[in-house]
Amino acid sequence: MRIYTLLFAFLLFTRLATSQTNVTVDVKGGKHTISKHIYGHFAEHLGNCIYGGFYVGEENRTIAHQGGVRLDVVDALKKLKIPNLRWPGGCFADTYHWKDGVGPKEKRPTIVNTWWGGVTEDNSYGTHNFLNMCELLQTEPYLSANVGSGTVQELAEWMQYTTFDGISPMSLWRKQNGREQPWKVKFWGVGNEAWGCGGNMRPEHYVDVYRQYATFMTGWDNSNKVFRIASGANSSDYNWTEVLMRDIPHHMLEGVALHHYSVIDWNKKSSATGFTEAEYFTTLQRALFMDELIEKHSAIMDKYDPTKKIALVVDEWGGWYDVEKGTNPGFLFQQNTMRDAMIAGVTLNIFQNHSDRVRMANLAQTINVLQAVILTKEEKMILTPTYHVMEMYNVHQDATLLPVQLQSPYYKMGNEQLKSVSASASINAAGEIHLTLVNIHATESQEVSIDLQSGKAVFNTITGRILTSKKLQDHNTFDNPRNIQPITYTGAILNNNILKAKLPPFSVVVLKVK
Ligand code: AHR
């Protein structure tokens, strides 16, 4: 009898241990703003991101557009409140000469897009198209400059062309090309992946190149407040960050980049939709590695910049799988499933919980490339599960991060384990608290108990939305565009500032408490 009692107690204990998550939110303890810029996107001249994605040409008669930019896309992205958009690359940026893309279209030279499919780039979409499109999207441009095959003068002239208000050869040329007023461009990337497609440089060499470029990007005092972003490390290349932080004078550096993709194996990726649970687990493991990457890169930055003046800018992140069958391998077109929703949810929670240092990020890429938020097929457009997560989370933009403590059971696969639940929280100017919770477990629900530690203030109302589905591999298609979309969530109870919520397997929930 005693052995049965013990067995029962053990089973009860393990059941509780594997299904109960406890969270505390320090409602009074907020110190850092969650920069809206961590919700940035990325648009490269790659596959059908620009051509066919954003831009269908001024002469298009079948798709509604303004200046060639699809209006369905503009509408969808405005709902996301995208704060910034990075362009024109990526690897493409270090082959791009901006002067090829301004002036009369019939006179523009063509180039070969060597990195992405070897296709001919006709330069019909250029600086005016992009910067006008940013105005339409009400988003801030982030121009990625050519350092790998460009010149210091080319970059200085691009800055003058786009932003100079006075009389100069470049501002006059801009006016002749139809734009009287300068645009506002704050964010400038000084090269891309300088360790790879941007020139295969050693960090010591890149540092000197950066210093030279950065010198000619501003006046003595950077009075026009240009935000220069140095090409950053490839995932765990901590030495890259060390050399940059040590050898670039900090008055000429506003941001240091970091790129990290959730890829199982560069030589053997997985299918975007036909993946196994083991492949799902490994992809999430790669995504969660972002936390360690940020901690370690930040620790190096802290050593040289203890007041955290310089931002860590994760300007490429997302899942990377095999391309869809029958598509150009150089176009990186992949479908987007609940696995991607999980990547987005946990990654945004990680960024938010590191708001003190991570102040900008760019999901790769916006349309038809890698972990896209939008897919297009001629006149059709669909929103992906990743889109829905970005939209659900945008309530955190520019709110104050609230410290969260979390104890979660593990999701196990062989000898590996991952925390099942991830969370972050913020409070906005109206005193509303938003919590975003992700349960990555493929088969188990999680009971979550959230203690809102707020002193005397009592919260009375709770509302929520959830994104979930039947199968991890579920996705939206052009024939079934609303297969996955957020719905109202009624699974939470609020009592005496204790919130109880049940999270189904692989779900993302956003809760609002007042
Ligand atoms: O996003 C696709 C490519 O990935 C980018 O062009 C490059 O920077 C990275 O390697």
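Start at 1 and go down the list; that is how both ligands and their atoms are numbered.
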May I ask you to decide whether E316 forms a salt bridge with R86, counting only side-chain N to carboxylate O separations under 4.0 Å? yes
I'd like to check whether [X] has a polar contact with ligand 1, where a contact means an N/O of the residue lying under 3.5 Å from an N/O of the ligand.
{"X": "F42", "result": "no"}
{"X": "W320", "result": "no"}
{"X": "Q365", "result": "yes"}

For the rings on [X] and [Y], is their centre-to-centre separation under 6.0 Å?
{"X": "H297", "Y": "Y238", "answer": "yes"}
{"X": "W116", "Y": "F331", "answer": "no"}
{"X": "H37", "Y": "F187", "answer": "yes"}

Stepwise, does the side chain to side chain contact (heavy atoms under 4.5 Å, CB included) test hold for L155 with F216? CA-CA 8 Å; L155 171 52; F216 297 94; over 6 Å; no
Could you list which atoms of ligand 1 come closer than 4.0 Å to a heavy atom of [X]?
{"X": "N192", "value": "8 (O)"}
{"X": "C91", "value": "5 (C), 6 (O), 7 (C), 8 (O)"}
{"X": "L370", "value": "1 (O), 2 (C)"}
{"X": "E193", "value": "7 (C), 8 (O), 9 (C), 10 (O)"}

For [atom], what is the nearest protein heavy atom, given as residue, atom name and distance?
{"atom": "atom 3 (C) of ligand 1", "answer": "W116 CZ2, 3.6 Å"}
{"atom": "atom 7 (C) of ligand 1", "answer": "E316 OE1, 3.3 Å"}
{"atom": "atom 1 (O) of ligand 1", "answer": "Y261 OH, 2.8 Å"}

Only one of F42, W320, W317 forms a ring-ring contact (aromatic ring centres under 6.0 Å, His included) with Y261, so which one is it? W320
V256: which of D305, I310, I300 passes side chain to side chain contact (heavy atoms under 4.5 Å, CB included): I310
